[in-house]
Number of protein chains: 2
Amino acid sequence: MSSTPKYKSSSSLTTSSNRQDYLKAILSLDLKGAKASTSAISAKLNTQPASVTGMFGVLSNLNLINYIPYKGAKLTDEGRSQAISLVRKHRLWETFMVEKLGFRWDEVHEVAEQLEHVNSEQLIDRLDDFLGFPNFDPHGDPIPDSLGNIADRRSLVVVSDLEVGKMASIRGVLSSSDSFLKHLDDLGIRLGLEFEVVKVYTYDGSIQVDSAGESMIWSRKLVEQLLAEVN
Amino acid sequence: MSSTPKYKSSSSLTTSSNRQDYLKAILSLDLKGAKASTSAISAKLNTQPASVTGMFGVLSNLNLINYIPYKGAKLTDEGRSQAISLVRKHRLWETFMVEKLGFRWDEVHEVAEQLEHVNSEQLIDRLDDFLGFPNFDPHGDPIPDSLGNIADRRSLVVVSDLEVGKMASIRGVLSSSDSFLKHLDDLGIRLGLEFEVVKVYTYDGSIQVDSAGESMIWSRKLVEQLLAEVN
DNA sequence: TAAAAAGATTAGGCATGACTAAATTTATTG
DNA sequence: CAATAAATTTAGTCATGCCTAATCTTTTTA
């Protein structure tokens with residue numbers, strides 16, 4: 001006798017936007033070293049734990065996760081690959097909105113949540129090209145490449161940790177508060193800005209930098225929230 | 001006694017992507033002067049007429065259409081406004097894909113169908129700005145502005161109808177066949193290309209044009225498929 | 001280590017949107 | 001103008017995902 005499956009599996013080629021959200025949530029917990037429990041996922045997605053149990057059954061049948069009741073879910077290779085693809089899309093769209101459309105770094109998340117579900121590998125690869133194959137998004141988070149490889153975020157350093165004489169480029173921020181981003185705007189500090197650390201004032205932790213022939217002083221509070229990539 | 005509504009109305013603030021598709025289909029028929037019958041809509045959306053009847057009930061309760069059973073549907077002001085907003089999004093995204101990402105004019109429709117459902121007026125207004133507030137999409141169809149005004153497509157002319165001495169810019173095509181678009185590519189004819197009609201050869205209908213200091217001859221078959229805006 | 005608390009799963013519903021088959025209305029035509 | 005054909009609507013289902021309430025498991029704690 002054939003065993004009846006506990007959960008119905010849908011046989012579509014593409015993973016629905018809904019299911020993709022679950023995969024992304026599981027990946028996000030996994031990267032933090034946390035267990036993908038039904039309660040943790042339900043908190044992330046604003047649903048009820050019971051709904052998560054149901055979806056775990058579906059994703060399990062689709063071989064996107066390995067799910068052991070009461071023990072949480074783990075992404076399969078295919079599930080992880082799809083989740084990383086979503087992260088790639090999300091971060092590329094955020095980069096597009098900030099760099100090309102002039103949005104502030106804290107305004108783009110929600111819209112990117114929608115854009116990431118647009119289904120076209122060609123679109124995203126061309127967007128990647130259009131943006132110059134960036135390695136990091138406006139928040140300093142690494143953008144996976146088209147093969148799913150993720151640059152090491154550790155290659156970014158907080159500007160306050162840079163030594164005198166170092167050349168570097170602004171890549172992201174640790175804080176996305178409105179006042180902070182406005183302040184950056186006022187000082188002309190944008191993504192990609194190249195600069196050299198000229199002097200570090202140990203008295204108050206501020207540093208003097210040269211950028212595009214101009215010299216300025218950045219406060220300690222400022223440089224502790226700025227991420228850069230050493231050139 | 002209170003009358004029970006024939007169809008349930010959902011009380012969400014935003015119109016679901018699904019319902020938006022219906023509004024767009026109704027608008028499209030309306031612009032062609034055709035009646036929005038259940039069969040016509042079902043053909044457009046690849047569904048069954050019975051499904052359309054159901055959705056007409058829903059849209060009617062939401063005051064997005066006026067629906068009289070057996071008589072078809074008409075958009076209300078609100079319904080029309082939402083449909084036009086979709087068309088705007090669709091055509092701006094198509095323009096973006098062609099002009100910025102290098103897609104061909106016949107490759108962009110399906111992806112734009114997805115992008116048009118991204119919900120953010122700010123996003124689309126900034127995209128419009130980024131693209132330079134274009135009046136026509138790559139197919140020569142007018143792009144509604146942020147207030148819903150649509151330019152008159154009649155301000156475009158087929159290049160074969162231009163008179164000698166006229167300055168004009170390429171704005172679209174009548175055919176989107178692969179071979180035609182490749183041919184345009186070969187000749188360096190792109191959207192926005194400015195040119196002047198120098199001579200019309202009545203013998204075979206070909207015309208001589210000057211563009212960016214260069215002179216070339218376009219065949220009759222070619223110019224009958226090209227749309228331009230007189231400068 | 002047994003009882004209580006916390007977490008997860010099952011059971012039973014509901015809304016959205018789609019489908020098929022049957023019934024009804026409108027249009028066509030002999 | 002009646003009868004058939006075509007179009008439309010109604011009735012009854014189904015899949016996806018969500019919810020609440022009730023029932024397990026697992027973990028904590030006395």
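Everything numeric here is computed off the predicted structure, so don't read it as measured data. A, B, ... follow the sequence lines: proteins, then strands. Residue 1 opens every chain.
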Throw together a table of side-chain donor-acceptor distances under 3.5 angstrom for residues 22-31 of chain A, partners on residues two or more places apart or in other chains.
| unit_1 | atom_1 | unit_2 | atom_2 | d |
| --- | --- | --- | --- | --- |
| A/K24 | NZ | A/E113 | OE2 | 2.9 |
| A/K24 | NZ | A/E116 | OE1 | 3.2 |
| A/K24 | NZ | A/E116 | OE2 | 2.9 |
| A/S28 | OG | A/K44 | NZ | 3.1 |
| A/D30 | OD2 | A/R80 | NH2 | 2.7 |

Just call it for A/T47: base, sugar-phosphate, or nothing, with non-hydrogen atoms closer than 4.0 Å on any strand. sugar-phosphate
Side chain to side chain donor-acceptor pair (under 3.5 Å) against B/N46, all qualifying residues, sequence neighbours excluded: none
Are B/E110 and B/Q114 linked by a side-chain donor-acceptor pair shorter than 3.5 Å? no
Show your reasoning for whether side-chain contact (heavy atoms from CB on, under 4.5 Å) applies to B/T95 and B/L127. CA-CA 10 Å; B/T95 305; B/L127 183 66; over 6 Å; no
Verify the contact: side-chain N or O of A/Y67 to OP1 or OP2 of C/dT9, cut-off strictly under 4.0 Å; return yes or no. yes
Taking CD from B/Q48 and P from D/dT13, how many angstroms apart are they, rounded to a whole number? 19 Å
Side-chain atoms of A/R19 come closest, of C/dT9, D/dT16, C/dA18, to D/dT16
Find the distance B/L23:CG to C/dG17:P and express it as a whole number of Å. 11 Å
Using a heavy-atom distance cut-off of less than 4.0 Å, which residues of residues 34-41 of chain A contact DNA chain C? A/S37, A/T38, A/S39
Among D/dT9, D/dC18, C/dT10, which nucleotide sits nearest the side chain of A/N18? D/dC18
Distance check needed: D/dT16 P versus A/D21 CG, whole Å only. 17 Å
Each nucleotide of nucleotides 1-6 of chain C classed B (base within 4.0 Å of a protein heavy atom), S (only sugar-phosphate) or -, in 5' to 3' order, makes ------
For B/D77, I'd like to know if atom CG has over 12 heavy atoms of other residues, nucleotides or ligands within 6.0 Å. no
Counting any heavy atom closer than 4.0 Å, what does B/N46 reach on the DNA or RNA strands: base, sugar-phosphate only, or nothing? sugar-phosphate
Not counting sequence neighbours, which residues clear side-chain contact (heavy atoms from CB on, under 4.5 Å) with A/S60? List them please. A/I65, A/Y67
Within the supplied structure, the quantity of interest is the number of heavy atoms (other residues, nucleotides, ligands) at a distance under 6.0 Å from A/K74 NZ; does it exceed 12? no
Here the ring-ring contact (aromatic ring centres under 6.0 Å, His included) pairs for residues 114-151 of chain B, sequence neighbours left out, are none
Tell me the interatomic distance from B/K71, atom NZ, to C/dT24, atom C1', rounded to whole angstroms. 14 Å
What's the closest nucleotide to the B/Y22 side chain, out of C/dA18, C/dA8, D/dT20? C/dA18
Of the nucleotides C/dG17, D/dT8, D/dT20, which has the atom closest to the A/A50 side chain? D/dT20
Would you say B/S51 places a side-chain N or O within less than 4.0 Å of OP1 or OP2 belonging to C/dA18? no
Would you mind reading off the distance between A/L59 atom CG and D/dT16 atom P, rounded to a whole angstrom? 12 Å
Heavy-atom closest pair, residues A/T38 and A/P49: CB-O, 4.0 Å
What's the OH-C1' distance between B/Y70 and D/dA6, to the nearest Å? 12 Å
When the ring centroid of B/F96 is compared with that of A/F96, is the distance short of 6.0 Å? yes
Just how far, in rounded Å, is P of C/dG17 from CE of B/M55? 4 Å
